[in-house]
Amino acid sequence: MVVIGAGQAGLSAAYHLRRTGFRNGTGFVVLDHGKRPGGAWQYRWPSLKLGKAHAIHDLPGMALGEADRDRPASEVVSEYFGRYERTFDLPVLRPVDVLSVHDEGERLLVESATDTWAARAVINATGTWDRPFWPYYPGQERFRGRQLHTADFESVEEFRGKHVVVVGGGASGVQLLLEIAEVASGTTWVTRREPEWLDVEFSPEVGRESVAKVDRRVRAGLPPGSVVSVTGLALTPDVRRGLAQGILDRKPMFDHLTEHSVVWADGTEQHADAILWATGFRAALDHLAPLHLRAPGGGIRMDGTRVVADPRLHLVGYGPSASTIGANRAGRAAVTEIRRYLDGLG
């Protein structure tokens with residue numbers, strides 16, 4: 001057994017593999033490309049404090065416990081994941097960059113630059129952080145200001161006294177826009193669609209409805225879509241202040257870029273010193289390309305966590321299990337189904 005990725009979903013799967021009787025090393029191994037524990041959390045910007053991060057669900061078997069909500073989430077979660085790996089003696093190898101997974105008959109061959117693992121089943125938990133999405137707009141290559149993606153963001157200080165255009169209608173884009181506005185000379189917020197504000201508590205019922213929408217998409221072989229496209233944007237106190245102050249005054253997408261500005265189709269022009277592309281991420285699945293899993297709709301057809309085209313392969317932290325609580329459940333479900341599948345082989 002090989003688990004690819006040691007974020008929330010990968011660690012959950014590893015925990016349940018141990019609980020189900022798989023032994024370290026000979027029974028299963030976890031391959032993680034990070035230099036240290038923490039999954040994608042270790043790369044989050046320092047100003048993202050634990051108290052402002054999306055809810056971090058406890059990993060199975062060990063709670064996060066009391067933590068300083070004013071500390072960077074990247075530090076708190078990385079430490080938590082590290083404790084978790086040590087407490088349950090999980091066989092995580094890092095840094096390992098998985099380059100490809102091939103079908104070799106009875107086994108799936110998992111290859112890195114230096115090693116190869118032959119697995120009876122694979123749980124893929126590679127998330128999205130390694131696949132930042134950069135849309136293209138004419139003139140993008142001519143723009144002389146700075147362009148960066150959310151994945152490259154480090155501090156608001158680099159935008160002090162500058163006019164910043166923030167592109168994207170997701171939660172991260174809104175949060176960074178509000179932070180940048182405190183130091184920038186001005187900000188402009190542009191999105192493809194009108195934002196949908198969620199003016200109700202994010203209840204379990206709302207969560208289940210959102211998960212069901214994504215599940216229907218992946219069962220049909222379509223790409224999962226963004227989280228905010230099914231949940232909307234929460235009207236937190238910070239967001240309400242941003243709306244009242246005019247910071248969250250959304251404009252439609254511009255048409256093209258010049259050397260120093262963005263320009264709309266009607267000729268309206270806005271000077272820009274920097275553009276932050278808060279345009280989300282795509283599932284990091286390039287290493288699975290040799291298995292030819294893509295459906296005509298552009299996604300991978302799923303049944304729960306199982307890839308319909310190959311029952312030996314499960315995707316956790318993908319589609320409906322992309323949330324932290326969903327990742328935990330997916331890890332358990334994938335291991336249960338894999339154990340059943342392997343027992344059936346005798």
Side-chain angles (χ1 to χ4, degrees), residues 1-10 12-14 17 28-33 39-40 96-113 115-133 211-227 229-230 280-323 326-327 329-342 344-345:
M1 267 292 308
V2 171
V3 179
I4 307 174
Q8 183 105 14
S12 172
L17 285 169
F28 79 102
V29 67
V30 182
L31 309 177
D32 185 51
H33 84 116
V96 176
D97 287 318
V98 172
L99 303 179
S100 62
V101 178
H102 293 269
D103 184 354
E104 293 294 326
E106 294 184 357
R107 305 277 176 149
L108 290 170
L109 211 60
V110 181
E111 297 180 324
S112 74
D115 293 286
T116 301
W117 295 264
R120 299 176 73 191
V122 170
I123 296 177
N124 190 85
T126 46
T128 62
W129 190 261
D130 296 327
R131 285 281 313 277
F133 175 64
V211 168
K213 289 178 181 178
V214 178
D215 185 62
R216 286 193 291 270
R217 288 185 60 85
V218 297
R219 285 180 182 274
L222 300 172
S226 67
V227 174
S229 68
V230 293
F281 299 79
R282 299 292 184 264
L285 300 175
D286 289 353
H287 55 290
L288 301 180
L291 299 176
H292 305 293
L293 301 173
R294 294 285 181 187
I300 296 175
R301 193 180 301 278
M302 304 290 297
D303 183 1
T305 64
R306 176 174 54 84
V307 174
V308 171
D310 193 329
R312 299 170 298 176
L313 179 61
H314 285 249
L315 308 185
V316 296
Y318 174 83
S321 65
S323 66
R329 293 170 176 167
R332 180 178 64 247
V335 170
T336 299
E337 191 162 340
I338 285 172
R339 169 56 80 184
R340 188 181 303 122
Y341 169 76
L342 294 178
L345 296 179

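Residues passing the side chain to side chain donor-acceptor pair (under 3.5 Å) test with Arg219, sequence neighbours excluded: Asp215, Asp303.
Contact check for Ile300 versus Leu285: side-chain heavy atoms found under the 4.5 Å cut-off. Taking 4.5 Å as the limit, every side-chain heavy atom of Leu288 sits out of range of all side-chain heavy atoms of Thr126. Counting heavy atoms from C-beta on, the side chains of Ile123 and Val335 come closer than 4.5 Å. Side-chain contact between Val218 and Leu315 is absent, with no heavy-atom pair separated by less than 4.5 Å. No side-chain heavy atom of Arg306 sits under 4.5 Å from any side-chain heavy atom of Tyr341. Residues Leu293 and Leu313 meet the side-chain proximity criterion, which asks for heavy atoms closer than 4.5 Å. Counting heavy atoms from C-beta on, the side chains of Val98 and His33 never come closer than 4.5 Å. Taking the side chain as every heavy atom from C-beta outward, Asn124 and Tyr318 never approach each other to under 4.5 Å.
When all heavy atoms of Val30 and Ala14 are compared, the closest pair comes out as CG2-CB, 3.8 Å. Heavy-atom minimum distance, Ala6 versus Asp32: N-OD1, 3.2 Å. The shortest heavy-atom contact between Ala334 and Val316 is CB-CG1, 3.8 Å. The two atoms that bring Ala295 and Gly221 nearest to each other are CB-O, 3.7 Å, heavy atoms only. Taking both residues in full, the closest heavy atoms of Leu291 and His102 are given as CD2-C, 3.9 Å, listed atom of the first, atom of the second, then distance. Here the shortest heavy-atom pairing between Ser12 and Gly331 reads OG-CA, 3.7 Å.
A donor-acceptor distance shorter than 3.5 angstrom exists from the side chain of Arg131 to the backbone of Ala283, with no hydrogens or angles considered. A distance-only check finds a donor-acceptor pair linking the side chain of Arg217 to the backbone of Pro223 [under 3.5 Å].
Separating the CD atom in Glu111 from the NE2 atom in His287 is a distance of 12.5 Å, to the nearest 0.5 Å. The structure places CZ of Arg120 at 10.5 Å from CE of Met1, a figure rounded to the nearest 0.5 Å.
Within the structure, side-chain hydrogen bond (donor to acceptor under 3.5 Å, both in side chains) contacts touching residues 289-302 (residues at least two apart or in different chains) do not occur.
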- Report the C-alpha distance between Met302 and Val307 in whole Å, list the side-chain angles of each, state the deciding distance to 0.1 Å, and finish with yes or no for side-chain contact (heavy atoms from CB on, under 4.5 Å). CA-CA 5 Å; Met302 304 290 297; Val307 174; 3.9 Å; yes
- Between Trp117 and Val96, is a side-chain contact (heavy atoms from CB on, under 4.5 Å) present by the stated rule, with each step listed? CA-CA 12 Å; Trp117 295 264; Val96 176; 4.0 Å; yes
